[in-house]
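What follows is one structure encoded as structure tokens, with my remarks underneath.
Because only heavy atoms are used, hydrogens play no part in the values below, and waters and symmetry mates are left out as well, while side chains stay in.
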Amino acid sequence: MLISVYVPFAVTALLTLLAPRLARGLSPRPAAWALACAALVTAVGWTGSLALLAFTGVAQIPQVAAEGHWSASALRAEDPVYLVVAAVSALVLTASVASLGVAAVRQVRLVVRARRECAALPGDTELAVLDDDTPVAFALPGSPGRIVVSQGMLRRLTDEERAALLAHERAHLRGRHHLFLALWRLAAAANPLLRPLAGTGAFVLERWADEEAATRVGDRPVVAHAVGRAALASTGAARPALAATGGEVPQRVRALLAPPPARRRMPFLVGALLLTMCCTSLANAASDSDRMVDTAERARCAELLISASTPPVGDHRHGPGFCRCPHHRGERESVAYR
Amino acid sequence: MSDPNNPENPGRRARGELESDVLATLWAADGPLTARQVMERLPGDLAYTTVLTILSRLYDKGMLVRHREGRGFAYAPVRDEASHTARRMRSLLEEGSDREAVLTRFVSELSAQDEQLLHQLLAAHEARGEGPDGKR
């Protein structure tokens with residue numbers, strides 16, 4: 001408990017530093033999956049550790065201890081967690097859960113809106129063309145999802161680049177990339193440290209779709225030119241300012257003009273190792289915490305037996321189940337004696 | 001009638017994908033196109049009959065208009081002059097930062113530096129004779 005409960009924090013911090021650097025150069029499809037696993041595991045590890053730390057603090061409150069039938073003093077004696085740490089954990093946990101809730105509600109609302117718009121698009125073809133000269137192209141998830149492209153975008157691309165654009169958006173829909181985005185977004189809401197990871201994830205998804213388009217079209221430079229020209233055409237178009245996306249398009253174009261990324265194992269192995277550590281540490285901390293409460297329950301049992309000045313029946317090793325019997329009588333006294 | 005999924009079709013594109021390709025070609029064109037013109041603009045070696053089938057299917061769905069030209073028809077997309085859809089989509093795109101979590105856009109915003117860098121990248125590539133224009 002002493003160390004293991006903090007391991008998920010360390011893993012999160014390490015991944016926050018490493019993942020954005022490593023993931024960009026990797027083969028995008030496995031990288032996206034790895035980032036999704038990382039976000040899920042570290043978000044669970046983060047909240048789990050906070051919950052354990054907060055719990056050890058809350059469990060020492062006499063009223064809570066009385067309710068839970070364990071000895072607050074025994075818990076305090078055994079538990080190495082400072083009360084300040086526990087209090088901060090409780091605060092951060094509350095903030096995390098609240099932020100996650102808000103993000104989840106907004107996410108659901110937006111998905112509902114997107115699906116409604118998707119269903120309202122005219123026609124039943126995969127491609128919906130907007131009669132608009134502003135260059136715009138995106139994939140709109142739904143059942144089935146649609147590719148939305150403006151006439152302005154279509155007219156600015158060559159025949160082959162148009163095919164590349166469609167293949168790119170198709171890859172987003174087929175790969176259900178919006179689910180990845182939702183996962184990263186919610187993970188980052190629960191833990192702001194995961195924001196860089198979420199940003200990297202969004203970039204990796206674009207790379208995934210680029211690579212898939214390159215395979216479909218059979219020509220990497222064509223996809224590079226499609227991305228580059230679409231981006232150049234879109235600048236100056238009335239669009240809301242986007243933050244933190246600087247440099248992404250040139251990176252994509254450069255990656256497409258280079259040979260496909262080599263398959264590398266090492267970063268994935270390191271990531272898997274870190275995530276395994278995160279999981280086992282959390283499980284370890286949870287079982288430690290469980291054992292601690294057990295011990296405190298036994299201590300409470302002993303306290304009760306002494307305070308009720310009943311001659312000891314059996315030894316101290318009775319389980320909590322046995323000790324629960326005389327509780328009603330002993331409860332008030334033991335609290336009063338403290 | 002040719003099967004769009006037959007092995008001679010190199011991309012083995014599904015029917016829905018072919019419809020998108022044809023529709024995109026017609027929207028990008030300056031005027032109505034005949035089936036042969038559409039075929040010439042589509043990448044890959046599509047059979048003429050396949051293109052014809054797709055065109056008449058899109059026409060039946062009410063997405064194209066056509067007029068006689070020679071022995072066949074020339075097709076053009078049905079315009080949405082009122083642009084209701086475009087307006088709705090624009091408002092969806094401007095929904096604040098949340099949209100990023102649902103919509104995957106083809107390209108993100110470019111900074112001034114990105115723009116310059118991008119020009120350089122593409123120009124350097126084309127100068128080496130590897131650009132799409134230099135190659136074909």
Start with the C-alpha gap between Q151(A) and D131(A), add the side-chain angles, then the distance that decides, and say whether side-chain contact (heavy atoms from CB on, under 4.5 Å) holds. CA-CA 6 Å; Q151(A) 188 194 21; D131(A) 197 345; 3.8 Å; yes
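Proximity to chain B at a heavy-atom threshold of 4.5 Å picks out nothing from residues 30-37 of chain A.
Of all the listed residues (L58(B), L117(B), V78(B)), the one sharing the greatest number of non-hydrogen pairs under 4.5 Å with chain A is L117(B). The candidate from P77(B), A24(B), A86(B) with the greatest count of non-hydrogen atom pairs under 4.5 Å with chain A is A24(B). Per-residue counts of heavy-atom pairs under 4.5 Å with chain A were compared for R88(B), Q120(B), E19(B); the largest is that of R88(B). Interface remark: of the candidates E169(A), R254(A), R156(A), E169(A) forms the most heavy-atom pairs closer than 4.5 Å to chain B.
Under 4.0 Å is where a charged nitrogen must lie from a carboxylate oxygen, and between R207(A) and E211(A) at least one such pair does.
With a 4.5 angstrom heavy-atom cutoff, V227(A) touches chain B via backbone and side-chain atoms both. For A224(A), the part lying near chain B is the backbone, with the side chain staying farther off; criterion is any non-hydrogen pair under 4.5 Å. Of the two parts of L166(A), only the side chain, counted from C-beta on, holds a non-hydrogen atom closer than 4.5 Å to a non-hydrogen atom of chain B. Both the backbone and the side chain of E115(B) come within contact range of chain A, each with at least one heavy atom under 4.5 Å from a heavy atom of that chain.
When atom types are taken as modelled, the side chain of Q37(B) and the backbone of T34(B) share a donor-acceptor pair closer than 3.5 angstrom. Looking only at distances, a side-chain donor or acceptor of R146(A) sits under 3.5 Å from a matching main-chain atom of T125(A). Side-chain atoms of S99(A) come within 3.5 Å of backbone N or O of A189(A) as a donor-acceptor pair.
To the nearest 0.5 angstrom, T47(A) atom OG1 is 8.5 Å from L100(A) atom CG.
Take D159(A) and apply the side-chain hydrogen bond (donor to acceptor under 3.5 Å, both in side chains) test, not counting sequence neighbours, and it matches R162(A). D210(A) is linked by a side-chain hydrogen bond (donor to acceptor under 3.5 Å, both in side chains) to H168(A), R252(A), counting only residues two or more places apart in sequence or in another chain. With sequence neighbours left out, S20(B) forms a side-chain hydrogen bond (donor to acceptor under 3.5 Å, both in side chains) with E126(A).
Ring planes of H172(A) and H177(A): perpendicular class, angle over 60° (limits at 30 and 60°).
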